[in-house]
Every structure is written in structure tokens, then in C-alpha cells.
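Letters A, B, ... are given to chains in the order of the sequence lines, protein chains preceding strands, and every chain is numbered from 1.
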Amino acid sequence: MATHHTPLHHAAAEAVAAHAGIAATDLKVEAPPRAELGDLAVGCFAIAKARKQNPAEVAGAIAAAFQPTRLLASATAAGPFVNFRADRTATYRWLIDSALRGRLVPGELGTGKTICIDYGSPNISKHLAYHHVRGTTVGHALAQTFRALGYRVVGINFLGDWGTTHGMLLAAWARWGPVEPVDVSALNALYVRFRAAAAGDPALEQEGRAWFKRLEDGDPEARALWQRFRDVSWAEFQSVYEILGITYDEVRGEAAYEPDMPRILETLAGHGLLTESQGAQVVELPGEKTPILLRTRDGTTLYATRDVAAAEYRWANYHFTRSLYVVDRGQALHFRQLFKLLGRMGHEWAGRCEHVPYGLVKIDNQKSATRLGNVVLMRDVFTIAETMVREVIAENNPEMPPDQVAEVARQVGIGAIVFANLAPQRDKDIDFDIEHAVSLEGDSGPYLQYSHARCASIARKAGGRVTDLDGIDLGKLAHDAEWAIARRLLEFPESVVRSSESCEPHVICHYLLQLAAEFSRWYTLGNGDAALRVLCDDAATRRARLALVSAVQATLRDGLGMLGIAAPDQM
RNA sequence: GCGCCCAUAGUUCAACGGAUAGAACGACCGCCUUCUAAGCGGUAGGUCGCAGGUUCGAUUCCUGCUGGGCGCGCCA
């Protein structure tokens, strides 16, 4: 079952379906591997099999029977494939018009559907370390992508503001505090010191657990201190999210679910799911070697318990179509168990919950972790990236005012980092390398931004972007390099949809690299031949090319927006 | 020990079961009288970890193996 996201794909599928006695939606329409084969291809394997015929014969018959349509000019059989050639002028019109109106992607796909995305979700009182950038940028990219497709997105920051680690911090404060000023760095240092001391001292660990128990029991001193730590942390996190352009729709930490704990445990007991094991309350799950723990022998609740409450809250409030948890792969077991537990509790929506795992961000080939103290701060990496980029911007734009240089350096530096984290498949581990991450050459965020800036530059020189196609003769787009761009634009909707379905922002990253490359190839032709430039002498040709440039610019801007990357007009 | 994930060019990565496996970086050769060279073209570079299986067709799906990563009740 395939849905076709452009009228051309739809027309190609219909053309084959009409002669094959098969539904158009069952046919896959793809781009042929080489331009000389055609613009759209449909393989006849399934049809041939059903008819017990040779696929090549089927393709030949279908191609022979083809009647041109408004968008499709011709069809030829090549082996088992029917390859269609598009009517270029009609295709340009649809593509450019759609792109200019921001309607190239099917913006109605998610109408009436809600997607919850839990991402970022750091622990309070700890640094936002560089390795947090992966989940934060992936989650944000998914949120932006789903929004572009018309879904209602609830971006959730499920702050890690509860649990034993926070008891440890209180214990550390009681021992070594108070520290002034109270900021995340000071709290983080206190926590690291405590973990180091506790490593050889079980009594200290017990002290931490006791403090969490006090916190959970509502001890006023513990609560007041905890609240202060939380406020300080959130202010710090927000300043970093601002750099990334992220705003959350719901900031609701684990602590918010504290009042639900007794009810959750009662419900589980009521279902006869809860059993006792070594003093703890657990639930045995089918197919799992180890049970899921919901209550410690000290009587405190656990991550899993609060996750159950949060999942129920989200369902009750949002009735999501999908509820995504963008969390590192190391927690795969936890989520598998959590979702099984939700299912056993009778929640039919448990199947809508998905763990969206991502690989590690390693530093010098080592796993980075706050409790180990070997962290690089996200904020510091941003600053370094910005600084590295600023020189290049200033050098290449001598007339640009200093404020603007600083602003663009920020956009490009951050864009480089974000892209570097999004471009590989989620599953892959990333070894952090600032030189590579901030590289301005080759496949990178800045390459995309640069391509966009070139489009904007042309439009500036031409006196403005094209905003509608009235009076423009798109038949003037006669060069194959221009058509190559159109073919690529045709793939944008499918790429975005696939990216959303698989929760893989890298699909969009690679699509945009290809689009930018097609544009750059075309652009460079103008270096050798002034007649091939957008701003050529012939007014009609110039306007048609300008329209194409505007479509590319809009698509790059929209695509970068889905990735959470800024698209400056100059750089 | 058990479970999950990964393995493609020297390196970093693509390839929705289909047509001649593609980019980038690095190397080498070219293109600034350029609409921004942060760019473009070209050359060199691959037994798609190994062995089976399913299929008309497998880098893609299944099984086993090897190598690496991560995880496995009172952290999150």
C-alpha cells in the first residue's frame, strides 16, 4: 500500500493501474536510477506475477497503451519497468507553485491527529552536556517535521526532577553545602563529588536514599531546596533551548506524577500484577527474564512507576495517535517493559507508544556521562562552533555589520552542530569531533545554508523573490540541469513523509544535500556561460529561472526548518 | 550467560526487496573576466564482515557464525 504525495506520482500509478486491474494505491512509484530512463518508474513485478506473465511483456503492453495526460507526456518500457516522462512545463508549474506556497509537502496528512514527543528531558541539577544534543535535536526535528505535515504536536520535556539521584544531591548539600551562587555548575559539582565519595562508601549511598525518602514524604526543608534546584536548572536549560530555537508545549517533570503513585500501585495490585520480590514491588512480564520494578524496598517509587503515570496522563489529555519517546538506545529494555506493562494494565493505546532510540554520542571514543564527570557542555560546544564560523563569515562578507556577522555565525555554527547530529541514522553512534562537526565543506549544514543564501542572493539582485507565477513562461526552463532540480523537488514530499513515519530526520538531511547539489551544479554552469545564469539577458528566461530559484530557496528553507536549522539570507 | 543494536570505498556516511551500490572527507588533475570557489567537473578507490536460506530478483528479509557497541530489579 503506497500513498502518492504528488499528482505526478498519482498519475503514473493510475496509468499503470488502469491497464492492470490493480488499485493505484498498491503501486509503488519511484524515480528511475538514471535520468535518461525517464522521470517516474513503476515496476510490473506484482502485476506480472498475478497474471503469470513476463514482467517485461506486461510493461511493454502498458507502455504501448499509455495515453498522455496533463502531467505525463510519454511512457516507455525498459525491461520490467514502465518509465514515464513528465510534461516539463506542467510539472514545473505544479512544483514551483506548490513550493512557493509552502504546499509541496502534504500539509493535511496529520489533520486531526496528535503526536506526543518526549524529548530532551534532562535531569535537573546537572549540566546539559554535549551528549544531550542528540536526543534534543532529533526530537525537535521530528516535532517540526510532524508539524509541517499538519499533525498537532505536543513536545514534552519530561524533566528528570525526581528519584534517588536528587536525594543524593540533597545529601551532598547537607554535608558540604551550602554553596553560593546556586547554579547548575555548582550543583553538578556537588553531585559528582557525592558519586565519587559514595563509590567506596555504601553508607553514603544509603544517606542519599534516605534524603530521597524525605523528599518523597514531603519534608519541607527537602522540598524547598529541591524546588530551588529545579528552578535554577530550568532557567539554565531554557537558555540553551533558546539557542536551538526549541520551545516545549509541556514541561512536566517526574515530580508532577508523584501524587499519582499510590493510585498506580493500587491499580496494579488490583489487576493482580504486582508481586513482591526481595522486598521490592515488581511486575513479571511475559517474555522478559527480569521483572519491571515499581517500588523499592525503601518504599520509594521508581522511574518506571512515574512513566506509567505520565503515559496515562498523556493519553487522557491528548488522545495521541503516536506517543514517541526519543531516548537513547540504552533504555530500550526499560521502554519495552514499560509498554508491555501498559498493555497488561489493559490500555489498548499501549501499542501507540514507541521508543525512538538513538545511538551514543561518544567523546574521544568514550561514553560520556554526568556521573563520570567526563562531559563537554553543550553550551561550550555551541560557543566554540560560533567562534570558528565567525571568522569565515566576517572574511567573506566584509561589508556585513558586526551584529549581523555575530547573528549569522550563531546560525551557521549551531546549524553545523545540529546537522552533524541529525545526518547519520539514529541507530549509529557518533564520535564527537568538533573539527568535523563544524566543517563548512562538503555534506554539512552550512553547505545547505550556503545554497539557500545563494538563492536569496540571486533574488536580492533580481529585485525580489518570485511569489507567484502570473505571466511567467515556464517553457523557458529548457536546460537539463534545471530539469534535474525539478526531478529532485518531486521527491521532497515522499522524503518528508518517510522521515516522519520512520522517525528518521536523516532522510530529510540527505534529501536536502541532494537538492542543494543539483542547484549548485546548475548554478555553476553560469560561471562558464553567462547565458546559463539565472540573471541572464533574456527577460522571460530570467523570470522563469528566478521562479525555479525561489522554489529551491523555499524548499531548502522549509526543509532546514524541519531540521531545526536556520536559513540565513546571507553568509 | 541472556537480550537489543551495528558491520558498505583509506575515513565518515547513503542506498523505501528491483535497473550500472552513491555522496562527502582525504589523494591526484582541472574551473574564479564567478548570479557568494563555504562552490563545480574529472581521475583513482568496493569479494556490500563470513556462510547458508527465502525470492523471478537480496547490500536490503530469515538463520547461524565472527567482530564491535550497549543493556540485563531497588539510578534515570
Query raised in the report: Expressed as a whole number of Å, how far does the C1' atom of B:C50 sit from that of B:G1?
Result: 24 Å
Query - Same-atom distance (C1') from B:C25 to B:G45, integer angstrom - result: 13 Å
Sugar-phosphate, base or nothing in reach of [X], heavy atoms under 4.0 Å:
| X | result |
| --- | --- |
| A:G330 | sugar-phosphate |
| A:Q278 | base |
| A:L525 | nothing |
| A:R498 | base |
| A:L535 | base |
| A:P80 | nothing |
| A:Q331 | base |
| A:E501 | nothing |
| A:T164 | sugar-phosphate |
| A:A48 | nothing |
| A:M168 | nothing |
| A:G163 | sugar-phosphate |
| A:E288 | nothing |
| A:A280 | base |

Query raised in the report: Does the ring-ring contact (aromatic ring centres under 6.0 Å, His included) test come out yes or no for A:F45 and A:F81, once each step is laid out?
Result: CA-CA 8 Å; A:F45 307 98; A:F81 292 94; 5.5 Å; yes
Query - Centroid-centroid distance, A:F229 to A:Y191, less than 6.0 Å - result: no
Query raised in the report: What is the ring orientation for A:F519 with A:Y523, classed by angle as parallel under 30°, tilted 30 to 60°, or perpendicular over 60°?
Result: tilted
Requested in this report: Could you say whether the aromatic ring of A:Y523 and the base of B:G39 stack, counting only centre distances under 5.5 Å and plane angles under 30°?
Outcome: no
Requested in this report: Compare the aromatic ring of A:Y447 with the six-membered base ring of B:A38 and state whether they stack according to the 5.5 Å and 30° rule.
Outcome: no
Query - Spacing of A:L513 atom CG relative to B:A15 atom P, expressed in whole Å - result: 12 Å
Report summary line: Which of A:Q281, A:E216, A:R295 passes side-chain hydrogen bond (donor to acceptor under 3.5 Å, both in side chains) with A:T301? Answer is A:E216
Query - B:A38 base / A:N396 side chain donor-acceptor hit below 3.5 Å - result: yes
Query raised in the report: What about A:N83: does its side chain form a donor-acceptor pair under 3.5 Å with the base of B:A19?
Result: yes
Report summary line: Pairing partner of B:U63, by Watson-Crick or G-U wobble and under 3.5 Å for both distances, is B:A51
